[in-house]
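Quick note: residue numbers are just sequence positions, from 1. Every heavy atom of this structure was used, including side-chain atoms; hydrogens, water molecules and symmetry mates were not.
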Amino acid sequence: MSTAPLRAVPLALALSIAMLAALPGCTAARAAASEDPPVERRTTQALLDASTAADWRTPDPANTLYMDLAGGRVIIELAPGFAPQHVANIRTLAREGFWNGLTLYRSQDNFVVQFGDITEEGAPGKPIGSAQATLPAEFDRAASGLAFHTLPDPDGWAAETGFADGFPAARDPKTGRAWLAHCYGTLGAGRDMAPDSSNGTELYVVTGQSPRQLDRNITVVGRVLQGMELLSVLPRGTGPLGFYEDRAQRAPIRAIRLAAEVPAADRTSIEVLRTDTPLFEAVVESRRNRRDDWYLQPAGHIDLCNITVPVRTPPAG
């Protein structure tokens, strides 16, 4: 701070300065100078409307499942980068028609729906063909070599969260491990008490509030891309843990097939927004700080499982 003495301003000059500052033009100019630059308000839809073909990807048919139900088709993307042995087994089971004619036999409120081969105690189960009967647990993987796109906000369940291979994921820099998160639509492999007791024959989809406490306790094998409405509207089971007590309530599975095994004319054409682009970062921010006319207070925070990765039908041409 300067120690030079302040020079006194003559009274007449001071009054003149004050009168000029009070003039309307000067007041407006001063106000305009003090205002922050306007914030560009682009909604999520506006960002998607401005996207280019490079912002989208087509799921690999070899890692895409079609679950055909009476009400329509559920499309599932598998995650071989996180659960390679389970995914390989699921591919085998799908090729050999394991789930065809089985049912969705559990719908627990605010939790999951489950499907597979439910049999009476002591009764033999459906043969699994050439699939493996036992697999190692694949709860997480090494984070090294994984393209991980981190979200800006802290998470209560992990040191870092973000997206990897297009899936909601988490990682711990201290242990060098990464894993897929249990968000709405997550597909997991049911297991018994032993960690290595899952083989992909019994699968569940999260239909309720994200049960992140399951992270790193169950092998996550993929997520639903389209058709969640067919699963979330299933009547809730009245038995323990949401199992259907009445066999008639179970939802029949017409078929579960790999998209690669389905004739091209019968496939469903979809594209998924890439999660490794500046556009996706802008989409996340548009949800994180909503600035449309309805929102009075932008949240300034977003949870991993509150980010929906957009899916669309490819535009014509």
Side-chain angles (χ1 to χ4, degrees), residues 63 65 67 74 76-94 96 98-99 102-142 157-158 164-165 167-172 175 177-224 231 234 237 239-244 250-251 253 256 305:
N63 289 316
L65 292 178
M67 175 195 282
V74 179
I76 299 167
E77 182 174 32
L78 299 173
F82 283 84
Q85 295 192 57
H86 278 74
V87 167
N89 224 36
I90 288 169
R91 287 199 199 103
T92 298
L93 292 164
E96 297 179 1
F98 173 76
W99 291 286
L102 295 181
T103 62
L104 292 137
Y105 56 76
R106 176 189 179 194
S107 178
Q108 186 171 357
D109 189 45
N110 197 33
F111 194 38
V112 301
V113 298
Q114 189 167 336
F115 58 95
D117 181 25
I118 185 169
T119 56
E120 301 298 333
E121 188 69 28
K126 184 175 181 177
I128 62 172
S130 58
Q132 299 295 313
T134 59
L135 296 173
E138 295 179 291
F139 297 162
D140 62 7
R141 56 155 287 174
W157 300 96
D165 296 340
F167 292 88
R171 69 178 176 181
D172 184 351
T175 63
R177 306 299 292 178
W179 58 94
L180 295 182
H182 274 79
C183 296
Y184 184 75
T186 289
L187 179 74
R191 72 171 177 88
D192 291 324
M193 293 299 293
D196 60 351
S197 56
S198 63
N199 60 15
T201 56
E202 301 299 315
L203 299 172
Y204 64 88
V205 175
V206 175
T207 56
Q209 180 66 30
S210 309
R212 296 284 302 282
Q213 74 276 5
L214 298 180
D215 292 0
R216 292 181 290 176
N217 286 292
I218 295 182
T219 298
V220 174
V221 296
R223 61 166 181 156
V224 174
L231 303 177
L234 291 174
L241 302 178
F243 284 86
Y244 292 128
R250 299 175 188 172
I253 298 172
I256 293 182
C305 290

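- How far CG of Leu93 is from CG of Leu203: 8.5 Å, rounded to the nearest 0.5 Å.
- Expressed to the nearest 0.5 Å, how far CD of Gln209 lies from OH of Tyr184 amounts to 11.5 Å.
- Contact check for Val220 versus Phe82: no side-chain heavy atoms found under the 4.5 Å cut-off.
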Exercise. Please lay out, stage by stage, how Leu241 and Arg106 fare under the test side chain to side chain contact (heavy atoms under 4.5 Å, CB included).
Key: CA-CA 8 Å; Leu241 302 178; Arg106 176 189 179 194; 3.8 Å; yes
Practice problem: Apply the test side chain to side chain contact (heavy atoms under 4.5 Å, CB included) to residues Tyr204 and Ile218: give CA-CA distance (whole Å), side-chain angles for both, the deciding distance (0.1 Å), then the verdict. | Solution: CA-CA 11 Å; Tyr204 64 88; Ile218 295 182; 3.1 Å; yes
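- Judged by a 6.0 Å distance limit and a 45° cone about the ring axis, Arg223 is positioned over the six-membered ring of Phe167.
- Atoms CG and CH2, from Leu104 and Trp99 in turn, are 12.0 Å apart once rounded to the nearest 0.5 Å.
- The two residues Ser210 and Cys183 come nearest to each other via the heavy atoms OG-CA, 3.8 Å.
- With sequence neighbours left out, Arg177 forms a salt bridge (charged side-chain N to carboxylate O under 4.0 Å, His left out) with Asp140.
- A donor-acceptor pair under 3.5 Å is absent between the side-chain atoms of Asp215 and the main chain of Gln213, judged by distance alone.
- Between the Asp117 side chain and the Lys126 main chain, a donor and an acceptor come within less than 3.5 Å of each other.
- To the nearest 0.5 Å, atoms CG (Asn199) and CZ (Arg191) are separated by 13.5 Å.
- Interatomic distance, CG of Leu234 versus OG1 of Thr207, reported as 8.5 Å (0.5 Å rounding).
- In this structure, the side chain of Arg212 does not engage the main chain of Leu214 through any donor-acceptor pair within 3.5 Å.
- For Tyr105, the ring pair (Phe, Tyr, Trp, His ring centres under 6.0 Å) partners at least two apart in sequence or on another chain are Phe243.
- When all heavy atoms of Pro136 and Asp196 are compared, the closest pair comes out as CA-CB, 4.3 Å.
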Practice problem: Before giving the answer on side chain to side chain contact (heavy atoms under 4.5 Å, CB included), spell out for Val74 and Val224 the whole-Å C-alpha distance, their side-chain angles and the decisive distance to 0.1 Å. | Solution: CA-CA 7 Å; Val74 179; Val224 174; 3.8 Å; yes
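- Taking both residues in full, the closest heavy atoms of Ser107 and Val113 are given as OG-CG1, 3.7 Å, listed atom of the first, atom of the second, then distance.
- Of the inter-residue distances, the one linking His86 atom NE2 with Ile90 atom CD1 reads 7.0 Å to the nearest 0.5 angstrom.
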Practice problem: Given side chain to side chain contact (heavy atoms under 4.5 Å, CB included), test Val87 with Asn63 step by step and report yes or no. | Solution: CA-CA 8 Å; Val87 167; Asn63 289 316; 4.1 Å; yes
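- Here the side chain of Thr201 pairs no donor or acceptor atom with the backbone of Gly116 at under 3.5 angstrom.
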Taking distance alone, no hydrogens or angles, what donor-acceptor pairs closer than 3.5 Å link side-chain atoms of residues 127-135 to residues at least two apart or in another chain?
residue, atom, partner, partner atom, Å
Ser130, OG, Glu96, OE1, 3.4
Ser130, OG, Glu96, OE2, 2.2

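- In terms of heavy atoms, Asn217 sits closest to Phe139 at O-CZ, 3.4 Å.
- The nearest pair of heavy atoms linking Leu65 to Ala94 is CD2-CB, 4.0 Å.
- Under a 3.5 Å cut-off, the side chain of Thr219 and the backbone N or O of Glu138 do form a donor-acceptor pair.
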